[in-house]
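Shown next, in structure tokens, is the structure this report addresses.
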Amino acid sequence: MNISANKEEKTYVITIDGEIDASSSIELDTAISEAIKKGERKILVDCAKLNYISSAGLGVFMSYLEDFEEQGIKIALFHMNDKVKSVFEILGLVDLIDIVPTKEEAEKIVE
Amino acid sequence: MTHKITIPCHTSKLKDVRDFVSEVIRLFYLSEKEQFLLVLAIDEICANRILHSNHNDTTRHLELEIESQDDGAVIFCIKDEGDFFDLNQNESTPVERLVKDRRKGGLGVSLIKKIIDSVEVFKEGHYTIHRLIKKSSVPSQF
């Protein structure tokens, strides 16, 4: 699994490539933690190449929701395939974090 | 027919488990989404066993057997030497509580319970056995 981060004009984009499980979720944790430390307020997560996510990955996103709220950080996930999205749906997490089809929609959410 | 894999107890081996489960259940009458979710459920239980009951100890091993029944049900049997823990006794923590507490864990058991129809946990000698049953969603013709 590879995670990269790129500062764009208005947003900070984290791109995930591969599978997030109990072994690799620490890398996602590090990427989000670094974004917060850098003071990023508009975070997008490109999930186009995210093929799999287990509860360990979901848990990373969930564990930062309070920080996002407290620090006024907006985050949106985009380009997620239906199978991966179904994992968020099973636990009702789609009500807690924005998951949208396109990058343009994600940008509007964090504006 | 029974399909079996044995791995050392380390989370780096979870990918091997997922690949094995995917390969085996491809042969069964399950939709693509059902297959994906079953792989997830088995990944969750194995991760749980490896991390919390076997402490990522590679000198220990986890064995997974998959068997399909005549009625279309699929049985997953996970055997390891880790501590006994009956996830049926574990009350799922509401997601809102986990978020409030900033917890990273606690979602795996909820996922397993939502995907799998029944989970039996028992001891056999010094082994802990988890028997997970997924009933077929395809109506029987008989």
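Below, chains carry the letters A, B, ... as their sequence lines are ordered, and counting in each starts from 1. Values reported hereafter were calculated over all heavy atoms of this structure, with side chains retained and with hydrogens, waters and symmetry mates removed.
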Task: Most contacts with chain A, counted as non-hydrogen pairs under 4.5 angstrom, among B:R103, B:E44, B:K114, B:H10 - done: B:E44

Task: A:A22 to B:A47 - nearest heavy-atom pair and separation - done: CB-CB, 4.0 Å

TODO: Supply the atom-to-atom distance A:L96 CG to B:L98 CG, rounded to the nearest 0.5 angstrom.
DONE: 10.5 Å

Open item on the list: Is A:F61 close to chain B through its backbone or its side chain, or both, or neither, when contacts mean heavy atoms under 4.5 Å?
Closed with: neither

TODO: Check the surroundings of atom NZ in B:K123: do more than 12 heavy atoms from other residues, nucleotides or ligands lie under 6.0 Å from it?
DONE: yes

- [ ] Identify whether A:L44 and A:L93 are in the same connected component of the hydrophobic contact network (ILVMFWY, side-chain heavy atoms under 4.5 Å).
- [x] no

TODO: Check whether B:V99 gets within reach of chain A through its side chain, its backbone, both or neither, counting any heavy atom under 4.5 Å.
DONE: both

Open item on the list: Side-chain heavy atoms nearer than 4.5 Å, only ILVMFWY residues, links allowed to pass through others: does that put A:V110 and A:I16 together?
Closed with: no

- [ ] Please indicate whether A:E69 has more than 12 foreign heavy atoms, meaning atoms of other residues, nucleotides or ligands, lying under 6.0 Å from its CD.
- [x] no

Task: Atom pair CD (B:E96) and CG (A:D95), whose distance is rounded to the nearest 0.5 Å - done: 9.0 Å

Open item on the list: For a quick test of reading the model, state the closest non-hydrogen atom pair linking B:T11 to A:S23 and the distance between them.
Closed with: O-CB, 3.5 Å

Task: Under 4.5 Å from any heavy atom of chain B - which part of A:E66 - done: both

Open item on the list: Test of understanding: clusters of I, L, V, M, F, W, Y form through side-chain heavy atoms closer than 4.5 Å, transitively. Do A:I73 and A:L28 belong to the same one?
Closed with: yes

TODO: First locate atom CG of B:N48, then atom OG of A:S54, and finally report the distance between them rounded to the nearest 0.5 Å.
DONE: 11.0 Å

- [ ] Please state whether the side chain, the backbone, both or neither of A:D82 comes within less than 4.5 Å of a heavy atom of chain B.
- [x] neither

Task: Common cluster, A:L91/B:V119, ILVMFWY with side-chain heavy-atom separation under 4.5 Å - done: yes

Open item on the list: Taking atom NZ as the centre, does B:K13 end up with more than 12 heavy-atom neighbours from other residues, nucleotides or ligands that are less than 6.0 angstrom away?
Closed with: no

Task: Heavy atoms from other residues, nucleotides or ligands near CD of B:E32 exceed 12 (cutoff 6.0 Å) - done: no

Open item on the list: How about NZ on B:K4, more than 12 heavy atoms from neighbouring residues, nucleotides or ligands closer than 6.0 Å, or not?
Closed with: no

Task: Atom pair CD1 (A:I90) and CD1 (B:I115), whose distance is rounded to the nearest 0.5 Å - done: 4.0 Å

Open item on the list: Once rounded to the nearest 0.5 Å, what's the spacing between atom NZ of B:K104 and atom CG of A:L58?
Closed with: 13.0 Å

Open item on the list: Please rank B:I50, B:L37, B:L14, B:D43 by heavy-atom pairs under 4.5 Å with chain A and give me the top one.
Closed with: B:D43

TODO: Could you grab the distance from atom SG of B:C46 to atom CG of A:D21, nearest 0.5 Å is fine?
DONE: 11.5 Å

Task: Heavy-atom closest pair, residues B:F36 and A:N51 - done: CE1-O, 3.8 Å

Open item on the list: Hydrophobic clusters here meaning ILVMFWY residues chained together by side-chain heavy-atom distances under 4.5 Å, can you tell me if B:I42 and B:V121 are in one?
Closed with: yes

